Amino acid sequence: MTFKRFAEIGRVALVNYGEDYGKLVVIVDIVDQNRALVDSPDMVRSQINFKRLSLTDIKIDIKRVPKKKALVAAMEAADVKGKWEKSSWGRKLIVQKRRASLNDFDRFKLMLAKIKKAGVVRQELAKLKKETAS
Amino acid sequence: MAPKQKARNPELIPGVGKVSRSKMYHKRGLWAIKAKNGGKFPVHAKQEAAAVVEEKQPKFYPADDVKKPLSNKRKPKPTKLRASVTPGTVLIILTGRFKGKRVVFLKQLTSGLLLITGPYKVNGVPLRRVNQAYVIGTSTKVDISGVDVSKFDDKYFGKQVEKKKKGETEFFEAEKQEKNTLPAEKKDDQKAVDAPLLKALESVPDLKAYLGARFSLKAGLKPHELVF
């Protein structure tokens, strides 16, 4: 019932609307009730509405409004990228991206692989059924 | 290119130049031209006007004035190929009896149509012409360096002119026999083009099966979001 993810300085968030859609950013300062100052190694520091952010579990240790170098260093130290890519949310996004970028030939190969896998599963299931029946 | 030369007498206001008449005289160097010519401005002898050849009135002319159509010197070019369509690309045909078939693109003919082949053994599509508009270019490429397509042009695919036969009773029977079979020459051409292609296909796993299968939209696929 209590909140676990807070919009605080150092919180890593995912932008879910607008130009920077899909980017992982760090909240670097709070402007007011609705907006935060947000920064990332590959973007210019800018303000963004909280409604456009989805907070993640990851938090890094930074002082209020760090210099870009300090921010990058802190992100490396906390291994934000690694943690994100290991998290189930991060993995899901990576898979979604991969699926969207599949070529027509890739989709065909995927279909063949699915059929093969289903065939193997069905064989094993049939074997198990036989064992329990006998 | 050299920068535009400054106008000798720039217009300050419409009708009013910057430089006065006397200054302009000096600027244009008329004094120098006159000096060269010994005090007077050089005069050229009048050129005799070219003798006017009297045109004879034509004997006959049409009763009504017929309007001459405007001349058209336009030379049509073969259609511009989309960036995704290059020789060796796998194309998906969208219309006609081969709709959905995945096919190899060989070259663009002078008429602008695309020359394609199945290969015939793989999916039943022979050497054929197809319009670029009815085709999706995928990003899958096949190596067609071993294929010689220089002998194919639009004439090869044109309708063969049939010799007129005299004698009505023989007409129908003979026609039927001629139309049904494809000349052996074309079958050999097909084999010649397909042989190196099939070898290239074997080198990539699943590519032959891919070309043998038809494309179709399944549930959940959104064409505007698909990457081909």
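Since this is a predicted model, take the numbers as computed values, not measurements. Chain identifiers are assigned alphabetically (A, B, ...) following the order of the sequence lines, protein sequences preceding nucleic acid strands; residue numbering begins at 1 within each chain.
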Taking only residues two or more places apart in sequence, or in another chain, which ones meet B:Q108 in a side-chain hydrogen bond (donor to acceptor under 3.5 Å, both in side chains)?
B:T79

Surrounding CZ of B:R28 (heavy atoms of other residues, nucleotides or ligands, distance under 6.0 Å), is the total greater than 12?
no

When you look at NZ of A:K68, are more than 12 heavy atoms from neighbouring residues, nucleotides or ligands closer to it than 6.0 Å?
yes

So which bits of residues 193-217 of chain B come within less than 4.5 Å of chain A, counting non-hydrogen atoms only?
B:V204, B:P205, B:D206, B:L207, B:A209, B:Y210, B:A213, B:F215

Count the heavy atoms of every other residue, nucleotide or ligand shown that sit under 6.0 Å from NZ of B:K27, and state whether that count exceeds 12.
yes

Do other residues, nucleotides or ligands put more than 12 heavy atoms under 6.0 Å from the OH atom of A:Y17?
no

Considering residues at least two apart in sequence or located in another chain, which fulfil the side-chain hydrogen bond (donor to acceptor under 3.5 Å, both in side chains) criterion with A:S54?
A:N16

Looking at A:K69, I want to see if its NZ is surrounded by more than 12 non-hydrogen atoms of other residues, nucleotides or ligands under 6.0 Å.
no

Which residues from residues 115-148 of chain B are near chain A, with near meaning under 4.5 Å between non-hydrogen atoms?
B:T138, B:S139, B:T140

For A:L112, is it the side chain, the backbone, both, or neither that has a heavy atom closer than 4.5 Å to a heavy atom of chain B?
side chain

To the nearest 0.5 Å, tell me how far A:R107 CZ sits from B:K218 NZ.
9.5 Å

Distance check, rounded to the nearest 0.5 Å: B:R102 atom CZ versus A:F108 atom CZ?
6.5 Å

NZ (A:K63) with more than 12 external heavy atoms under 6.0 Å
no

Within 6.0 Å of CZ in B:R82, more than 12 heavy atoms from elsewhere
yes

Does CG in A:D32 sit with more than 12 non-hydrogen atoms of other residues, nucleotides or ligands closer than 6.0 Å?
yes

